[in-house]
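In what follows, a structure is listed as structure tokens, so that the remarks can point back to it.
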Amino acid sequence: MVADGIALKVKALSYSYRSRGNVVQALCGLSFAVRIGEVLSVVGRSGAGKSTLLHILSRLLDPDEGQVEFPAFETPPRIGYMFQSNGTFPWRTVERNLTYSMEISGAAREQRISRARQLCSMVGLDPVQHLDKYPNELSGGQVRRVELAMAFAQLPQILLVDEPTSSVDWITRRQLQRMIQDVASSSGVTLIVVTHDIEEAVWLSDRVIALDNGFVADSIEIDFPRPRSDELRTTEAFRVSEDRIIRALSESASRPPVRLPQDFK
Amino acid sequence: MNPRRIAISIVWIGLALMFWQGIAFVVNNNRTAPSLGNLVRESYPSFAIFGDSSSNDYREATRILAWHAFQTAKRSLWGIGVGGLSGVATGLMVFSLGRSRASAQFLLLGLMNVPLFSLIPLFVFWFSGKEFGIVLYTALAAGVLVAAATFEAASNVPLTYFWRASLEGATRVRILESVVLPAIIPELLLTFRWVLGLTWAFTLGAEYLSSSSGCGFLVYQSYLYSDVGKLLILGAVYAILGYSSIFLFDLATTRLLPQQLLTLRR
């Protein structure tokens, strides 16, 4: 790792796709940078390009224009991805889900089991109880924990998390948020979280960027000390940060999404 | 096997037999609508004439029916075995093609739209009723259906499965083997079950036109002599073959495959 301080630099990123005959500009000259170990949340209304951004950052999609650089890394960094849905393979047990990448690289069985136990404990699940279970035998919150552990399986240097708590009840949501905070701070990973939940974005992040029509509408620094407690959510300063994000999103909501002519591509 | 389902099946079979007996009573003509008694006393033992016996003989008739049923079962099994495996391989291959996938898919769907039974005369012409021709036809018919179903099932695998596998370092072949195949097994099992039923019809069609053995051959002979009694008995033989094959298939898949794969429904 090079002591640059910047883990990831996004330069003038553009991406468009076709939807019902129209060309939708998902990202439009998007630029920002993320520091090493920083927790960055990306918020924005539906279709603002949040998930597309994660797909490009993880190299699952190629941008139309612009580039993603990793100045702090001499070789491309290991990237973990916690998907919004369908993150686990339902025909594999928790243990075999957690060690899929090790299986591919040909790691020995004992090594895989030991790593699976470690990952399971990291996300607060009992290995004895849960490793042999299939995803459909777990609760929604437990599945999200397994997915978080899976994202950590390859010891990522950058972790991308897409809507980590969108489908769980609020108690589980808080538990997951605490877990993400603990895991991120203990591992020192650079974390990028896409979320609709503004409270979650403020509580988890060092910085929140509001996406609007494919570019950064606002970037808000959140400088609450860590580790953060649940009481923080009730403070005035917390509410001020939330209000600023809501305002940025409300202003962007009044502008129509960018639609390009059909022959754009 | 669910005892309630067995009881319901027995009741339905009983009702069907009573219904037929009623028709036989009304029509009162053993040639067009033989009674149940006539089926047992005349039609069944008369299958003996397809063997060495020149008169009605229960023992010889049973041997003849069993032998021909075995020939049909053998062809069907070869057909679905070869066709099923090559169908899965073809479906996966078309799915994994890159840029030429659209044209291969077009070809596959085009093949699926060819009326499969209309190909029988062509196979008779090419292979003049040889064993290989019958098996090849059955395999082709089963294979086309399995290939199309495999392709469709693979196309419905959630995109995130592919993304996750490729992020974790899986190659294209590894993704096919460790993601696509297990993800489509529930659909494949349903397809195989469905095609297994159809394979008996494919074999019947092929034997009907071009073979000197098998139940299809017996059906053809019985049809030539307008022997409704024999046709009804052969219908029952086909029902037993079809039901047994589905029963054995379910039994084998339940025993051999992990329960998790069988219960998966996306």
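In what follows, chains are A, B, ... by sequence order, proteins preceding strands, each numbered from 1.
- Within the 4.5 angstrom heavy-atom criterion, atoms from both the backbone and the side chain of B:S178 approach chain A.
- Nearest heavy-atom pair across A:I104 and B:E168 is CD1-O, 3.8 Å.
- In the displayed structure, B:E177 atom CD is contacted under 6.0 Å by more than 12 heavy atoms of other residues, nucleotides or ligands.
- B:F162 has its side chain out of reach of A:L60: every pair of non-hydrogen atoms, C-beta onward, lies at least 4.5 Å apart.
- Using a 4.5 Å cut-off on side-chain heavy atoms (C-beta onward), A:P90 and B:Y161 make contact.
- Note: A:M82 CE to B:R164 CZ = 12.0 Å, rounded to the nearest 0.5 Å.
- Neither the backbone nor the side chain of A:D162 comes within contact range of chain B, judged by heavy atoms closer than 4.5 Å.
- Summarising the local packing, CZ of A:R117 is surrounded by 12 or fewer heavy atoms from other residues, nucleotides or ligands at distances under 6.0 Å.
- Heavy-atom distances place no part of A:T93 under 4.5 Å from chain B, backbone and side chain included.
- Inter-residue side-chain proximity for A:R92 and B:V179 is flagged as unmet; no heavy-atom pair is nearer than 4.5 Å.
- Shown here for A:E103 and B:R174, the closest heavy-atom pair between the two residues is O-NH2, 3.8 Å.
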(message) Pair A:F83, B:L167 - check side chain to side chain contact (heavy atoms under 4.5 Å, CB included), show working.
(response) CA-CA 11 Å; A:F83 290 99; B:L167 278 177; 3.9 Å; yes
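- Looking at heavy atoms from C-beta onward, B:L181 lies out of side-chain contact with A:W91 at the 4.5 angstrom threshold.
- Between B:W163 and A:Y81, every side-chain heavy-atom pair lies at or beyond the 4.5 Å cut-off.
- Considering only heavy-atom pairs separated by less than 4.5 Å from chain B, the leading option among A:M102, A:R59, A:M150 is A:M150.
- Within a 6.0 Å radius of NZ in A:K9, other residues, nucleotides and ligands contribute 12 heavy atoms or fewer.
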